[in-house]
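Because the structure is a prediction, the values reported are computed rather than measured. Convention: sequence-line order gives letters A, B, ...; per-chain numbering from 1.
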There are 2 protein chains.
Amino acid sequence: MPQKLTPLREQTRSVVRSLLARTAIDLFAAKGFDNTTLDEVAAAAGISRRTLFNYFRNKEDLALSSLSEQGDLIAARLAERPADEDCWAALRAAFQVLEEIDMTPEGRLEFITLLFGNDSLRAGHAEKQARWQDLFAPLIEPRLPASDRRTLQARAIAAAAITCLQAANEEWVRLGGKVDLLDLYDTAVQAIRRPT
Amino acid sequence: MPQKLTPLREQTRSVVRSLLARTAIDLFAAKGFDNTTLDEVAAAAGISRRTLFNYFRNKEDLALSSLSEQGDLIAARLAERPADEDCWAALRAAFQVLEEIDMTPEGRLEFITLLFGNDSLRAGHAEKQARWQDLFAPLIEPRLPASDRRTLQARAIAAAAITCLQAANEEWVRLGGKVDLLDLYDTAVQAIRRPT
DNA sequence: CACGCTATTGCACCCAGTGCAATAGCGTGC
DNA sequence: GCACGCTATTGCACTGGGTGCAATAGCGTG
């Protein structure tokens, strides 16, 4: 049973982790994900290949770790929203945390281009966002009226919101990052919720 | 540039493909995806490991090829729907093709359990369904009122519908396959579209 | 300063995936 | 029936991701 890490160790570990991820992403963006070996990443970071696996489960994680963190951020923000707020409003408010993340639009664009340019990264991306559902759904469920299918409903709403964000993101990239992401998100949400 | 395959060759190829996939899935379900090597699959199918790669791009595809076919089936059904039908109604009708597929509920359950039990398969599953968007969205777009964001809207609707199907699928598994999948799908769609 | 814990590393290994070149097998034209 | 050509199959060698293990280095604490 692993002892609780001392805050110091835990802290340095997370700093190292994000440094490694940044190094890796720069390399991936420069040379392509498949054309970059873990040996090269390790060399660029000044550590051994073996040690990379102490920080990341696999090569994909090197590129995608930030997505998990974003999910955690959004979930944390979602948990802070007033309990009686409409679930769609709460979700939208929570998504705003994405605009506060320390990342230039160029860096964001580069990152997403990297994601979309590789099959296994796209797959990993899709899966990470699917994991977001598991975080969001429990926070949404209490906001729904009582029903014997409330769990399913909460999961559907979480998934749909994430999906709208994803569609908005794709469109945002297609437009070269020149528009407001949340505007596109609103358009997407209206599209699915408007009566037809 | 690849010449058009003779129908005969093409046909035998697709038969062999599905035989191989079935063999592989049985093995995966029995021993677990990660604990099954491609050597074992090849041996069970009576061919060489190398030849497996003539039929499938990678190990994942061995397990997931049926998903691509399902996507094609749904898209084909969607294309047949009357042009003036509401897009949600058309999608729902298209999804009904899933119930006509030759697969026992037990087999379906086993397959989905396999999917959900492994990270890379879950990721591949998510990605395949994301590819469904690319198939469905162009068929949905003409059904929407004119707008400068119709492409985004169509993608959002396609993605949301797929997501509802996915949520319904998970719930269906959770309930042991004892309910009607489309009922759950309807519940999910109502959940996201109902005004709050 | 010495001890203990953990991070780091090297090494040997397994397996997925690929390029290449040899071969086997099938269908076609003669 | 026979020889030719095309493609599928296969073996082989190799790259690179990922893991288990055991030795070592380095940091924090008493």
Side-chain angles (χ1 to χ4, degrees), chain A residues 1-21 23-25 27-28 31-65 114 118-124 127, chain B residues 1-21 23-25 27-28 31-65 114 118-124 127:
Chain A
M1 148 179 35
Q3 300 287 349
K4 187 181 175 186
L5 252 46
T6 135
L8 178 65
R9 289 213 190 270
E10 197 170 352
Q11 206 174 331
T12 58
R13 183 177 173 81
S14 106
V15 168
V16 170
R17 239 184 90 94
S18 65
L19 280 176
L20 291 177
T23 305
I25 289 175
L27 268 183
F28 292 157
K31 303 188 42 180
F33 184 73
D34 287 333
N35 300 325
T36 308
T37 69
L38 291 186
D39 280 313
E40 291 171 318
V41 175
I47 63 173
S48 76
R49 189 175 79 103
R50 193 63 184 78
T51 300
L52 271 185
F53 288 102
N54 290 345
Y55 287 93
F56 299 91
R57 283 208 315 285
N58 50 41
K59 190 180 183 182
E60 237 179 64
D61 261 22
L62 263 174
L64 301 182
S65 61
L114 173 63
N118 178 275
D119 279 349
S120 62
L121 286 186
R122 269 208 312 276
E127 228 283 306
Chain B
M1 147 179 38
Q3 303 284 350
K4 188 180 175 187
L5 252 46
T6 134
L8 177 66
R9 289 214 190 270
E10 198 170 350
Q11 206 174 332
T12 58
R13 182 176 174 81
S14 104
V15 168
V16 171
R17 240 184 89 93
S18 63
L19 280 176
L20 290 177
T23 305
I25 289 176
L27 267 183
F28 292 157
K31 302 188 42 178
F33 184 72
D34 287 332
N35 299 326
T36 308
T37 69
L38 292 186
D39 279 312
E40 292 170 317
V41 175
I47 62 174
S48 76
R49 191 176 77 104
R50 193 63 185 79
T51 300
L52 271 185
F53 287 102
N54 290 346
Y55 288 92
F56 299 91
R57 284 209 314 285
N58 50 41
K59 190 179 181 182
E60 235 178 67
D61 261 23
L62 263 174
L64 301 182
S65 61
L114 174 62
N118 177 275
D119 279 350
S120 63
L121 286 186
R122 269 209 312 275
E127 229 282 306

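- The only member of B/K59, B/K31, B/R49 that meets salt bridge (charged side-chain N to carboxylate O under 4.0 Å, His left out) when paired with B/E40 is B/K31.
- Side-chain atoms of B/T23 come within 3.5 Å of backbone atoms of B/L19 as a donor-acceptor pair (strictly under, hydrogens ignored).
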Here DNA chain D, pairs taken as Watson-Crick or G-U under 3.5 Å and shown with ( ), [ ] when crossing and | when to another strand, reads ||||||||||||||||||||||||||||||

Nucleotide-resolved protein contact map, nucleotides 9-16 of chain C, B/S/- at heavy-atom distance under 4.0 Å
BBB---SB

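- Summarising the geometry, the separation between CG on B/D119 and P on D/dT19 is reported as 11 Å, rounded to the nearest angstrom.
- The nearest pair of heavy atoms linking A/F53 to A/N58 is CE2-CA, 4.3 Å.
- Nucleotide D/dG17 holds its P atom 15 Å from the CZ atom of A/F56, rounded to whole Å.
- The two residues A/S65 and A/A21 make their nearest non-hydrogen contact at OG-CB, 3.9 Å.
- Residues A/L20 and A/A45 come closest through the heavy atom pair CD2-CB, 3.5 Å.
- In this structure, the CD atom of A/E40 is 14 Å from the P atom of D/dT15, given to the nearest Å.
- Regarding A/Q11, its CD atom lies at a distance of 16 Å from the C1' atom of D/dC27, rounded to whole Å.
- Atom-to-atom, CG of B/L62 to C1' of C/dG17 comes out at 13 Å; the value is rounded to the nearest Å.
- Across the protein-nucleic acid pair, A/N118 atom CG and D/dG17 atom P stand 12 Å apart, rounded to whole Å.
- Taking atom CD of B/E10 as the reference point, atom P of C/dG27 lies 16 Å away to the nearest angstrom.
- Between A/N35 atom CG and D/dG17 atom C1' the separation is 15 Å, expressed in whole Å.
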Test side chain to side chain contact (heavy atoms under 4.5 Å, CB included) applied to B/N35 and B/F28, step by step
CA-CA 8 Å; B/N35 299 326; B/F28 292 157; over 6 Å; no

Side chain to side chain contact (heavy atoms under 4.5 Å, CB included) assessment of B/I25 paired with B/L62
CA-CA 7 Å; B/I25 289 176; B/L62 263 174; over 6 Å; no

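- The backbone N or O of A/Y55 sits less than 3.5 Å from a side-chain atom of A/R17, completing a donor-acceptor pair.
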Set out, in order, the CA-CA distance, both residues' side-chain angles and the distance that settles side-chain hydrogen bond (donor to acceptor under 3.5 Å, both in side chains) for B/D39 and B/T37, then state yes or no.
CA-CA 5 Å; B/D39 279 312; B/T37 69; 4.7 Å; no

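- Residue A/Y55 places at least one side-chain N or O closer than 4.0 Å to OP1 or OP2 of C/dT8.
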